[in-house]
Amino acid sequence: MIEHINGWIDETNKEFLEARICCARFKNAFHGFYSAAFLENSFFVVTDEIPKPDFPELRAIGFGDFIDMPVRGISYKNTYYIARGEEADFQLHFHELVHVAQWEHLGALNFIRRYMKEIQDFGYDKSPLETMAYGLDRHYAAGREKINVQSFVTNNI
């Protein structure tokens with residue numbers, strides 16, 4: 001199933017390739033948190049509907065609530081999708097970029113495997129990957145000291 005999800009992600013990212021916007025536009029806002037090189041290789045897509053893999057196999061193992069849960073953003077590898085109207089929400093962009101850093105550190109198959117296990121074991125709100133992303137986005141939004149997010153992810157995952 002992990003490989004099936006990974007293939008779906010690749011197809012989804014390919015489908016939206018022309019709509020991607022480079023995150024280098026956030027280099028000033030996120031200076032000191034994300035490197036310029038990381039931002040240049042990270043992208044977002046503004047969409048009316050956030051894409052999620054709605055496979056019967058996922059619903060059968062208990063992911064129906066997650067699939068049906070309304071979200072403002074979701075990350076797949078180095079690309080994240082945000083709901084139209086949320087483009088100006090820097091905290092949302094920051095949050096999704098934490099996930100991009102997690103994808104980069106863990107690799108696709110390990111990220112998918114771990115994310116699914118955490119959702120099953122802890123639920124979405126208490127899953128460690130989400131807890132990390134929410135903690136860091138609140139840190140950013142509060143205007144606290146700059147931390148290198150990529151290093152933080154590497155050292156705390």
Side-chain angles (χ1 to χ4, degrees), residues 2 5-17 19-27 29-47 49-54 58 63 65-84 86-142 144 146-157:
I2 303 298
I5 294 168
N6 188 49
W8 178 89
I9 288 168
D10 287 342
E11 286 301 314
T12 300
N13 284 346
K14 184 177 174 184
E15 177 185 338
F16 287 95
L17 194 62
R20 294 187 323 168
I21 301 165
C22 183
C23 292
R25 67 179 38 213
F26 301 124
K27 69 179 178 182
F30 297 157
H31 177 74
F33 289 101
Y34 296 105
S35 71
F38 176 82
L39 292 173
E40 287 172 18
N41 192 43
S42 300
F43 304 90
F44 69 97
V45 175
V46 179
T47 183
E49 187 174 332
I50 302 293
K52 291 186 188 176
D54 191 357
L58 283 172
F63 282 92
D65 288 347
F66 177 77
I67 293 167
D68 297 334
M69 177 177 72
V71 295
R72 298 181 314 133
I74 198 162
S75 299
Y76 300 126
K77 301 183 178 180
N78 72 338
T79 303
Y80 60 94
Y81 297 79
I82 59 171
R84 191 167 312 286
E86 302 291 345
E87 300 93 328
D89 187 338
F90 280 73
Q91 188 173 351
L92 176 60
H93 285 280
F94 193 96
H95 177 97
E96 296 305 330
L97 283 165
V98 172
H99 288 310
V100 171
Q102 292 169 340
W103 277 93
E104 182 180 83
H105 176 71
L106 291 171
L109 299 180
N110 287 332
F111 179 92
I112 295 165
R113 190 174 293 109
R114 179 169 174 167
Y115 195 85
M116 288 178 66
K117 179 153 179 38
E118 288 184 7
I119 297 295
Q120 287 178 316
D121 291 350
F122 303 103
Y124 173 82
D125 292 333
K126 294 183 182 169
S127 67
L129 291 171
E130 284 299 340
T131 301
M132 177 187 287
Y134 280 112
L136 287 168
D137 81 44
R138 284 191 302 269
H139 179 93
Y140 166 76
R144 297 172 71 194
K146 297 179 189 244
I147 13 180
N148 181 306
V149 172
Q150 292 163 271
S151 294
F152 185 89
V153 165
T154 297
N155 294 327
N156 292 283
I157 229 166

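Predicted model only: the values in this text are computed from it and were never measured.
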For Tyr81, give me all partners under side-chain hydrogen bond (donor to acceptor under 3.5 Å, both in side chains), at least two apart in sequence or on another chain.
Asn13
Residues 128-139 vs side chain to side chain donor-acceptor pair (under 3.5 Å), sequence neighbours excluded, gives Gln91-Asp137, His95-Glu130, His95-Asp137, His99-Glu130, Tyr115-Glu130, Tyr124-Glu130, Tyr124-Tyr134
Write out all pairs satisfying salt bridge (Lys or Arg N to Asp or Glu O under 4.0 Å) with one or both partners inside residues 86-109, taking only residues at least two apart or from two chains.
Arg72-Glu86, Arg72-Asp89
Considering non-hydrogen atoms only, spot the tightest contact between Val100 and Ser75 and give its length.
CG2-OG, 4.3 Å
Quick one: OG on Ser42 to CZ on Arg20, what's the gap to the nearest 0.5 Å?
9.5 Å
Going through the distances and angles, do Leu58 and Phe66 end up as a side chain to side chain contact (heavy atoms under 4.5 Å, CB included)?
CA-CA 10 Å; Leu58 283 172; Phe66 177 77; over 6 Å; no
Tell me every residue that passes side-chain contact (heavy atoms from CB on, under 4.5 Å) with Leu109, counting only those two or more places apart in sequence or in another chain.
Ile2, Asn6, Arg113
Are the side chains of Asn148 and Phe33 in contact, using a 4.5 Å heavy-atom criterion?
no
Measuring only between side-chain heavy atoms, which start at C-beta, is Phe16 closer than 4.5 Å to Thr79?
no
Going by the rule side-chain contact (heavy atoms from CB on, under 4.5 Å), which residues pair with Thr154 if we only count those two or more places apart in sequence or in a different chain?
His105
Is the ring centre of Phe30 less than 6.0 Å from the ring centre of Tyr140?
yes
Nearest non-hydrogen partners of Ala133 and Val98, listed with the distance:
CA-CG1, 3.6 Å
Could you grab the distance from atom OG1 of Thr12 to atom OH of Tyr76, nearest 0.5 Å is fine?
7.0 Å
Do Ile112 and Leu106 make a side-chain contact, defined as non-hydrogen atoms from C-beta onward lying under 4.5 Å apart?
no
The ring pair (Phe, Tyr, Trp, His ring centres under 6.0 Å) partners of Phe38 (sequence neighbours excluded) come to Tyr34
Beyond-backbone contact of Phe111 with Ile9, side-chain heavy atoms, under 4.5 angstrom
no
Hey, what do you get for CG (Asn156) to CG (Leu136), rounding to the nearest 0.5 Å?
8.5 Å
Checking Thr47 now: which residues fulfil side-chain hydrogen bond (donor to acceptor under 3.5 Å, both in side chains) with it, not counting sequence neighbours?
none
Stepwise, does the side chain to side chain contact (heavy atoms under 4.5 Å, CB included) test hold for Val149 with Leu97?
CA-CA 9 Å; Val149 172; Leu97 283 165; over 6 Å; no
Test of understanding: with side-chain hydrogen bond (donor to acceptor under 3.5 Å, both in side chains), list the residues that count as partners of Asp10, not counting sequence neighbours.
Lys77
Output all residues satisfying side-chain contact (heavy atoms from CB on, under 4.5 Å) with Glu40, sequence neighbours left out; order by chain, then residue number.
Ala24, Ala36
By salt bridge (Lys or Arg N to Asp or Glu O under 4.0 Å), Asp65 pairs with (sequence neighbours left out) none
Listed partners of Arg144 passing salt bridge (Lys or Arg N to Asp or Glu O under 4.0 Å), at least two apart
none
Where do Ile67 and Pro53 come nearest, in terms of heavy atoms and distance?
CD1-O, 3.7 Å
Can you name the residues that form a salt bridge (Lys or Arg N to Asp or Glu O under 4.0 Å) with Asp121, not counting sequence neighbours?
Lys117
Shortest non-hydrogen contact from Pro51 toward Ile74:
O-CG2, 3.8 Å
Ring pair (Phe, Tyr, Trp, His ring centres under 6.0 Å), paired with Phe26, selected from Phe43, Phe94, Phe44
Phe44
In short, Ala19 meets Val45 closest at the heavy-atom pair CB-CG1, 4.1 Å
